[in-house]
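Beneath this line is the structure, given in structure tokens, with notes to follow.
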Number of protein chains: 2
Amino acid sequence: MAEQGTESTGRARQPRTRTRASHSLDSVLAGAVEILDESGVQGLTIRALAARLGGGVASVYWYVSGRDELLDLAADSVLGGIFEQIADVGSDDAIDDLRTIAIAMFDTIVDRPWLGAYVLRDTELQIHSLQLYERIGEEVMRLGLTPRQVFHATSAVVGFVIGTAADLGQEPPAVVVSGEVTREQYLAKITGEWRALDATAYPFIHHIVDEFERHSDREQFAAGLDLLLAGLRLKAEAGSAEPLG
Amino acid sequence: MAEQGTESTGRARQPRTRTRASHSLDSVLAGAVEILDESGVQGLTIRALAARLGGGVASVYWYVSGRDELLDLAADSVLGGIFEQIADVGSDDAIDDLRTIAIAMFDTIVDRPWLGAYVLRDTELQIHSLQLYERIGEEVMRLGLTPRQVFHATSAVVGFVIGTAADLGQEPPAVVVSGEVTREQYLAKITGEWRALDATAYPFIHHIVDEFERHSDREQFAAGLDLLLAGLRLKAEAGSAEPLG
DNA sequence: ACCTGAACACCGTTCAAGT
DNA sequence: ACCTGAACACCGTTCAAGT
């Protein structure tokens, strides 16, 4: 992935003084993503990134304008990975395809809690985000709606996926990281608090606490997505009966 | 804007020793919200908050455990304001009520771009978030679904509102703040870039760019919400026909 | 019980200088 | 063209001390 390119003279010369570090935008972003996955947004400091790349702090600024742009580009680079997953998508049912794409997107975002907040913020900078928005929009276009409806429906799907994934992907509020046990403990703590609430004041919480305790984020997401897509299908059918709805 | 409050004795007495500042959790959070509204998450530093409160930095730590908890509590305190708006909600159509509550929530979040990321993160700390989740869940309970379906539907609505509002509320990526002109300039910049894209590679973008240029965030949100609620209504009707769906 | 100022250990960003 | 180390101006948090 990272060829050096600086010493192309064949003869392996002695680096008598430490070779100067040499980066590329790709290696900078890859390093940033590694740190983000390991230690979250807080852990991504320019100093930590420079150390991982084996260079000085200031070199990072050659490739990105600052920490914000670094985060935007790192998030976007991860989103680019989705296109491999959805390369084969193209059934005769646009809504089925929409569902497949949305779930692939969810899967990519949900186990990177840092991602949600930085995706689709700046389409000039974030080319993969734009392409994904485009890809989803193209599916929606197949439903025979008006441009306005297409815009609204596409934004709704994208907003739902990103919003829900970012929400669900939120780290437990402590420093603890990953691990099956941690999630169970986390859920147990919450359900414990919820069960201690007054049942008269919180009938809904008591109604769903058992479901919450054994819920899967992915199923919860899929269920919500299906509600949204069912509404969209309804609209598409109404639209085809009455073309200018 | 900033009255001192320390020299209320009429006679301009020499403050030989400055009166000690006195806070409360409420005043700390109110100060935090003011700063957040004025200058965003980045602008909320403990030092800036202490200065606004007229005290020393360390006093803030008497009321909150740190900056993270401050953000969580500030966000939750704003959410508490929603209950006044929805006090009268209670028609005979649960989905209509759901719609009203969701829109009130959206309105509260969308012009506070900092809010979305901190809402509903810790229900032990954030009591208003929990109560809002409860309130929405109670409406969903009226639809005659199973606990599992109620859990899923409620989470979907909440996720959609928060996610979309946080998404739409995002500041333009520069330092520019508010103003009608700024939004138009912002939209013009994006649509300009979009129109410059290759129409063959980006048919969807070209299809909706005019709509995007004149879109209203609120209408965009409402349209997406209506899709979701239409799907939910469909499910509720199917459920009442076949009680154990 | 609550507030203070100073100190500590960090951080993003810049810049003149190097290769 | 790209990298470096040191410096600057900040920041969250802690702590011993005050009232």
Side-chain angles (χ1 to χ4, degrees), chain A residues 2-9 13-32 35-36 38-74 114 117-118 173-175, chain B residues 4-7 15-32 35-36 38-74 114 117-118 173-175:
Chain A
E3 8 169 35
Q4 200 71 4
T6 41
E7 297 190 328
S8 44
T9 34
R13 230 163 163 329
Q14 280 287 16
R16 78 193 72 195
T17 66
R18 269 184 53 223
T19 6
R20 262 167 43 125
S22 173
H23 315 315
S24 67
L25 180 57
D26 277 352
S27 65
V28 168
L29 297 184
I35 295 177
L36 285 163
E38 288 166 18
S39 27
V41 175
Q42 254 197 12
L44 180 66
T45 66
I46 305 291
R47 283 169 162 85
L49 177 57
R52 176 164 307 227
L53 296 173
V57 261
S59 65
V60 172
Y61 288 85
W62 185 260
Y63 297 98
V64 296
S65 68
R67 189 172 181 267
D68 265 13
E69 190 175 301
L70 177 66
L71 253 348
D72 280 348
L73 289 176
W114 53 274
Y118 298 94
V175 197
Chain B
Q4 199 70 6
T6 40
E7 297 188 330
R16 75 194 73 194
T17 67
R18 273 183 51 222
T19 6
R20 261 165 49 120
S22 174
H23 315 316
S24 67
L25 180 56
D26 278 351
S27 66
V28 168
L29 297 184
I35 295 178
L36 285 163
E38 288 167 18
S39 27
V41 175
Q42 254 197 12
L44 179 65
T45 66
I46 305 292
R47 284 170 162 85
L49 177 56
R52 176 164 307 226
L53 297 173
V57 261
S59 65
V60 173
Y61 289 86
W62 184 260
Y63 297 97
V64 296
S65 68
R67 189 172 181 266
D68 265 13
E69 191 175 301
L70 177 65
L71 252 349
D72 280 348
L73 289 176
W114 53 274
Y118 297 93
V175 198

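A, B, ... follow the sequence lines: proteins, then strands. Residue 1 opens every chain.
Side-chain atoms of A/Arg52 do not come within 3.5 Å of backbone N or O of A/Val28 as any donor-acceptor pair. Put simply, the side chain of A/Tyr63 gets close to the backbone of A/His23: a donor and an acceptor are under 3.5 Å apart.
Across all strands shown, C/dC10 has no partner, as no Watson-Crick or G-U wobble contact with both distances under 3.5 Å is found. Under the Watson-Crick or G-U wobble criterion, with both distances below 3.5 Å, D/dA17 is left unpaired in every strand shown. D/dC3 is unpaired under the criterion used here, namely a Watson-Crick or G-U wobble arrangement in which both key atom distances are under 3.5 Å.
Protein atom CZ of B/Arg20 is 7 Å distant from nucleotide atom P of C/dT4, rounded to whole Å. Here D/dC11 presents its C1' atom at 13 Å from CD of A/Gln42, a figure rounded to the nearest Å. The distance between atom CG of B/Leu44 and atom C1' of D/dC10, rounded to the nearest whole Å, is 15 Å. Rounded to whole angstrom, the span from the CG atom of A/Leu70 across to the C1' atom of C/dT13 amounts to 13 Å. Between the C1' atom of C/dT13 and the CG atom of A/Leu49 lies a distance of 14 Å, rounded to the nearest Å. Rounded to an integer number of Å, the gap from CG of A/Asp68 to C1' of C/dG12 is 11 Å.
Comparing C/dT13, D/dT19, D/dC3 by their closest approach to the side chain of A/Tyr61 singles out C/dT13. For A/Ala21, counting side-chain heavy atoms from C-beta on, the closest listed nucleotide (C/dC3, D/dC3, D/dC11) is D/dC3. Among the nucleotides D/dC11, C/dT4, D/dC3, the one closest to the side chain of B/Ala58 is C/dT4.
One finds the CG atom of B/Leu73 at 5.5 Å from the CG atom of B/Leu29 (value rounded to the nearest 0.5 Å). Atom OG of A/Ser59 and atom CG of A/Leu49 lie 8.0 Å apart (nearest 0.5 Å). One distance of note links CG of A/Asp72 with OH of A/Tyr118; it measures 8.0 Å at 0.5 Å rounding.
Nearest-nucleotide mapping onto DNA chain C: of B/Ser22 and B/Val57, the residue sitting toward the 5' end is B/Ser22. In terms of position along DNA chain C, the nucleotide closest to B/Ser59 lies nearer the 5' end than the nucleotide closest to the other residue of the pair A/Ile46 and B/Ser59.
One finds no side-chain N or O of A/Trp62 lying less than 4.0 angstrom from the OP1 or OP2 phosphate oxygen of D/dC3. The phosphate of C/dG12 (OP1 or OP2) has a side-chain N or O of A/Arg67 nearer than 4.0 angstrom. Between B/Tyr63 and C/dC3 there is a side-chain polar atom (N or O) within less than 4.0 angstrom of OP1 or OP2.
Counting atom types as modelled, B/Arg47 pairs no side-chain N or O with a base atom of D/dC10 as donor and acceptor under 3.5 Å.
Within the 4.0 angstrom heavy-atom criterion, no nucleotide atom of any strand lies near A/Leu53.
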